[in-house]
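Remarks on the structure that follows.
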Amino acid sequence: QVQLVESGGGLVQGGGSLRLSCAASGRSLSSYAMGWFRQAPGKEREFVAAISWSLGSTDYADSVKGRFTVSRDNAKKTVYLQMNSLKPEDTAVYYCASRSTFLVWSGGYYRRESTYDRWGQGTQVTVSS
């Protein structure tokens, strides 16, 4: 089974930056793509970004496009979310997720929670105004 461990969350002032990491491990690591989601207090979990392991194809939510960058290090089996120009509305628990089997990249499937079959425990990001 794939295990996902997020790190890098914390408290930052508005306009600042943070980099989240998601390390994947497991006896038989099988992962086609990774996603980042977030959940703010009182709100539903929402898609942030996604990346495929093989080609590095990426997708972003409109709310973070141009500010956040998702990347991966295949050798380290780690995915990163570089967050710049942070705003108070970015405050949330951030989760990474893994999909173990192939699914076509087009069509926006990787924006859906149901696409992923493994989830991390989440890391808190708090942006002060």
Side-chain angles (χ1 to χ4, degrees):
Q1 290 188 354
V2 176
Q3 293 179 322
L4 306 174
V5 179
E6 301 101 331
S7 60
L11 173 64
V12 64
Q13 274 194 322
S17 298
L18 280 175
R19 189 177 80 156
L20 305 183
S21 300
C22 175
S25 63
R27 205 174 251 192
S28 57
L29 182 62
S30 175
S31 178
Y32 179 74
M34 302 288 288
W36 284 99
F37 289 75
R38 67 186 182 186
Q39 187 168 22
K43 294 188 177 182
E44 294 187 349
R45 190 155 55 183
E46 64 175 3
F47 169 76
V48 175
I51 187 167
S52 67
W53 284 108
S54 57
L55 297 180
S57 303
T58 58
D59 189 19
Y60 296 93
D62 288 344
S63 59
V64 307
K65 203 171 290 184
R67 299 188 299 124
F68 291 11
T69 302
V70 61
S71 61
R72 90 277 192 225
D73 184 326
N74 293 56
K76 294 182 178 179
K77 297 183 180 66
T78 299
V79 172
Y80 304 97
L81 184 68
Q82 178 66 43
M83 306 185 294
N84 298 329
S85 302
L86 282 162
K87 306 174 183 179
E89 50 263 45
D90 294 318
T91 295
V93 177
Y94 283 70
Y95 299 88
C96 69
S98 169
R99 177 172 176 91
S100 59
T101 57
F102 172 78
L103 181 64
V104 293
W105 190 256
S106 61
Y109 296 109
Y110 290 94
R111 296 178 171 225
R112 304 174 187 176
E113 290 185 53
S114 58
T115 291
Y116 301 89
D117 42 41
R118 288 288 183 269
W119 291 81
Q121 82 288 352
T123 185
Q124 176 71 47
V125 171
T126 303
V127 184
S128 63
S129 55

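These figures come from a predicted structure and were not determined experimentally. The first residue in the sequence is number 1, and the count goes up from there. All heavy atoms count here, side chains included; hydrogens, waters and symmetry mates do not.
Residue Y32 is found in a hydrophobic cluster whose other members, listed by chain and number, are F37, F47, V93, Y95, F102, L103, V104, W105, Y109, Y110, Y116, W119; membership requires side-chain heavy atoms under 4.5 Å apart, directly or through intermediates.
Note: R38 CZ to E89 CD = 8.0 Å, rounded to the nearest 0.5 Å. Atom OG1 of T91 is separated from atom CD of Q39 by 14.0 Å, given to the nearest 0.5 angstrom. Once rounded to the nearest 0.5 Å, the distance linking CG of L20 with SG of C96 reads 9.0 Å. Rounding to the nearest 0.5 angstrom, the gap separating the OG atom in S57 from the CD1 atom in I51 is 8.0 Å.
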Self-check item: Verdict with supporting geometry, Y80 and V70, side chain to side chain contact (heavy atoms under 4.5 Å, CB included)
Solution: CA-CA 6 Å; Y80 304 97; V70 61; over 6 Å; no
Self-check item: Intermediate values then yes/no, side chain to side chain contact (heavy atoms under 4.5 Å, CB included), R67 and K87
Solution: CA-CA 10 Å; R67 299 188 299 124; K87 306 174 183 179; 3.8 Å; yes
Exercise. Go through the steps to decide whether D59 and R111 satisfy the test salt bridge (charged side-chain N to carboxylate O under 4.0 Å, His left out), and finish with yes or no.
Key: CA-CA 8 Å; D59 189 19; R111 296 178 171 225; 2.7 Å; yes
Practice problem: For M34 and L4, run side chain to side chain contact (heavy atoms under 4.5 Å, CB included): C-alpha distance rounded to whole Å, both residues' side-chain angles, the deciding distance at 0.1 Å, then the answer. | Solution: CA-CA 10 Å; M34 302 288 288; L4 306 174; 3.7 Å; yes
Exercise. Evaluate the side chain to side chain contact (heavy atoms under 4.5 Å, CB included) criterion for residues D90 and V125: first the C-alpha distance (whole Å), next the side-chain angles of each, then the deciding distance (0.1 Å), finally the verdict.
Key: CA-CA 8 Å; D90 294 318; V125 171; 5.5 Å; no
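A distance-only check finds no donor-acceptor pair linking the side chain of R118 to the backbone of S100 [under 3.5 Å]. In this structure a side-chain-to-backbone donor-acceptor pair under 3.5 Å is present from T123 to G9. Of the possible donor and acceptor atoms, one in the side chain of R99 sits under 3.5 Å from a partner among the backbone N and O of T101. Proximity of a side-chain donor or acceptor of E6 to a complementary backbone N or O of G122 within less than 3.5 Å is detected.
Looking at V48 and Y60, their side chains never come closer than 4.5 Å, going by heavy atoms from C-beta outward. Within the 4.5 Å cutoff, the side chain of F68 has no heavy atoms near those of the Q82 side chain.
Among all heavy-atom pairs drawn from L86 and M83, the shortest one is CD2-CB, 3.8 Å.
Contacts classified as side-chain hydrogen bond (donor to acceptor under 3.5 Å, both in side chains) and involving residues 12-24 (residues at least two apart or in different chains) are given here: S17-N84.
Using modelled atom types and a 3.5 Å distance limit, the side chains of D73 and T78 yield no donor-acceptor pair.
Shown here are the side-chain contact (heavy atoms from CB on, under 4.5 Å) partners of D62, two or more places apart in sequence or in another chain: K65.
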